[in-house]
Amino acid sequence: MKQYHSIYLPQFTLGEDAFEAFPERIGKGKKAVVICGRRAWDASREYVLPALRQAEIGLTGEVVYGREATMENVERLEKDPAVREAEVILAVGGGKCIDTVKVVGDRLGRPVYTIPSIASNCAPITQISILYNEDGSFREIVKLKNVPAHCFINPKLVLAAPARYFWAGIGDAMAKHVESSWSARAGEALDYGSALGITAGRMCFYPMLEKAEKAMKDVENGVVSRELEETILNIVISPGIVSVSVHPDYNGGIAHALFYGMTSRKHIEERHLHGEVVSYGTLVNLMVDQDWEKLGQAWRLNKAVKLPTCLADLELEAADPLEDVLKVTMENQEMKHTPYPVTKEMIREAIAALEVYQG
């Protein structure tokens, strides 16, 4: 039986000149490969390539990861000569690109450095990768040997991406505090890592109440501000610290389980973003728990930035029984550990209560 527990905390650099840290973080004279999303690399290359030249880091190639985080893409990239020749891997893109590259690096024993092109999730610093089947359905969560070696965040790339990704990232991050603190109330003693992560999770919620609305306006206006930078960190870094620190039991809850249930409806998968749907699930989680203070705070922020507060915002009818959605929700792994028994009837009642709730 294993008698030790390791926590690998992320390292990151944030700023408009973040890539100037390449020499000390990656090292001069290395051979690197860029594995990227096509649009992400188009938006990033003018910032990344000069910094690589300055650090005397040579490129073995620029390889597009694919369109989905699949094991098939992982295996294709593993065999690519440019990837095999490289000493380090730079992952440039969104969450699915970065999750794919993290698995490639893990399997090849190469350090992965992440350059997120959007601020919508904590994939750039976590020790897991979420993989899908080629048809887009969920496949598995891969546990990796380590977190990425370093994450470089340039807010100019966030401004270059569609604002809706940042918007959805606000919703996804806020769920991390609600779910981790809720699921950890089951009564068992928390180990150090779980206590650390749950405490860090507060950064995913309370600073958002103060800064997210202003940060959203700054994204829409193309302005790099303190509020924007701090909100980026509370979308990418703070939830990632929770993810890598807490026991797996505390890494989920109703908000994410309901998201997976909602994707039973084709239009959710096609027209709504992950964090957008999760933000609605956060309100449901808080309504089930009757946490009126946090519910009011989260509901008012959702209203202010136009995140969902009712079923109509997700193109669903208030009278929809949601039987298929709730069946998948209750079967999801996120519902395996709850602080008290939760039934689909409780969730449906909370959804109904949200329809008339006014903050």
Side-chain angles (χ1 to χ4, degrees), residues 1-12 95 98-99 102-103 105-106 111-112 114 121-131 138 140-151 169 172-208 233-260 275 278 281-282 284-286 288-291 293-294 298 329-342:
M1 182 178 175
K2 186 171 69 174
Q3 295 297 317
Y4 65 88
H5 176 60
S6 300
I7 296 174
Y8 302 98
L9 293 174
Q11 299 184 62
F12 67 93
I98 290 172
D99 272 354
K102 289 191 299 187
V103 180
D106 193 69
V112 172
T114 61
N121 55 63
C122 57
I125 65 165
T126 57
Q127 201 176 346
I128 60 170
S129 285
I130 300 173
L131 296 186
F138 171 78
E140 63 180 313
I141 298 176
V142 178
K143 176 76 170 175
L144 307 170
K145 299 182 189 75
N146 211 333
V147 295
H150 202 87
C151 175
D172 194 36
M174 290 182 70
K176 204 67 175 174
H177 169 59
V178 171
E179 291 183 304
S180 64
S181 59
W182 176 73
S183 58
R185 291 204 335 254
E188 63 266 25
L190 301 181
D191 62 19
Y192 176 83
S194 294
L196 171 67
I198 290 163
T199 300
R202 294 175 61 86
M203 296 293 290
C204 306
F205 190 86
Y206 293 103
M208 293 293 193
L233 292 178
N234 285 321
I235 291 172
V236 178
I237 304 301
S238 298
I241 291 173
V242 181
S243 177
V244 302
S245 301
V246 301
H247 188 281
D249 283 348
Y250 312 134
N251 247 325
I254 293 172
H256 276 82
L258 185 60
F259 161 76
Y260 289 112
V278 166
T282 298
V284 175
N285 205 141
L286 291 167
V288 167
D289 199 39
Q290 299 184 12
D291 187 336
E293 181 179 3
K294 283 206 284 283
T329 299
M330 295 305 299
E331 292 172 350
N332 189 266
Q333 63 184 21
E334 307 277 357
M335 296 299 291
K336 288 182 179 176
H337 186 276
T338 59
Y340 44 77
V342 176

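Just so you know, these numbers use all the heavy atoms, side chains as well, and skip hydrogens, waters and symmetry mates. In this text, all values refer to a predicted model and were calculated from it rather than measured experimentally.
- In terms of heavy atoms, Ala175 sits closest to Val278 at CB-CG1, 3.4 Å.
- Nearest heavy-atom pair, Met208 versus Cys204, reported as atom, atom and distance to 0.1 Å: CG-O, 3.2 Å.
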Which side-chain N or O atoms in residues 329-336 pair as donor and acceptor under 3.5 Å with protein atoms at least two apart or in another chain?
from	atom 1	to	atom 2	distance (Å)
Thr329	OG1	Val325	O	2.8
Glu331	OE2	Lys327	NZ	2.8
Asn332	OD1	Glu334	N	2.9

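- Here the straight-line distance linking atom CG of Leu286 with atom CD of Glu293 works out to 11.0 Å at 0.5 Å rounding.
- No donor-acceptor pair under 3.5 Å is formed between the side chain of Asp172 and the backbone N or O of Asn121.
- The CD1 atom of Ile128 lies 7.0 Å from the SG atom of Cys122; values are rounded to the nearest 0.5 Å.
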Checklist entry - Does the side chain to side chain donor-acceptor pair (under 3.5 Å) test come out yes or no for Thr114 and Lys102, once each step is laid out? => result CA-CA 9 Å; Thr114 61; Lys102 289 191 299 187; over 6 Å; no
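- We find the CG-CD1 distance between Asp191 and Ile7 to be 7.0 Å, quoted to the nearest 0.5 Å.
- Of all heavy-atom pairs between Cys151 and Ile125, the closest is CB-CG2, 3.8 Å.
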Review item, side-chain donor-acceptor pairs of residues 233-247, under 3.5 Å, at least two apart:
from	atom 1	to	atom 2	distance (Å)
Asn234	OD1	Ser238	OG	2.6
Asn234	ND2	Glu230	O	3.2
Ser245	OG	Ile241	O	2.7
His247	ND1	Asp249	N	3.0

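- Considering OG1 of Thr282 and NE2 of His256, their distance stands at 7.5 Å, rounded to 0.5 Å.
- Residues Glu140 and Ile130 fail the side-chain proximity criterion, which asks for heavy atoms closer than 4.5 Å.
- For the atom pair Ser194 OG and His5 NE2, the distance stands at 7.0 Å (nearest 0.5 Å).
- Residues Gly253 and Trp182 share a closest heavy-atom pair of CA-CZ3, 3.9 Å.
- Between Asp106 atom CG and Lys143 atom NZ the span is 10.5 Å, to the nearest 0.5 Å.
- Heavy-atom minimum distance, Ala123 versus Ile98: O-CG2, 3.7 Å.
- Between Tyr206 and His177, the ring centre distance stays below 6.0 Å.
- Within the 4.5 Å cutoff, no side-chain heavy atoms of Lys145 are placed close to those of Tyr8.
- Put simply, the side chain of Asn285 gets close to the backbone of Ile254: a donor and an acceptor are under 3.5 Å apart.
- Between Arg185 and Asp289 there is a salt bridge, since at least one side-chain N of the basic residue sits less than 4.0 Å from a carboxylate O of the acidic one.
- At least one side-chain heavy atom of Leu190 sits under 4.5 Å from a side-chain heavy atom of Tyr250.
- For the pair Gln127 (side chain) and Leu144 (backbone), a donor-acceptor distance under 3.5 Å is present.
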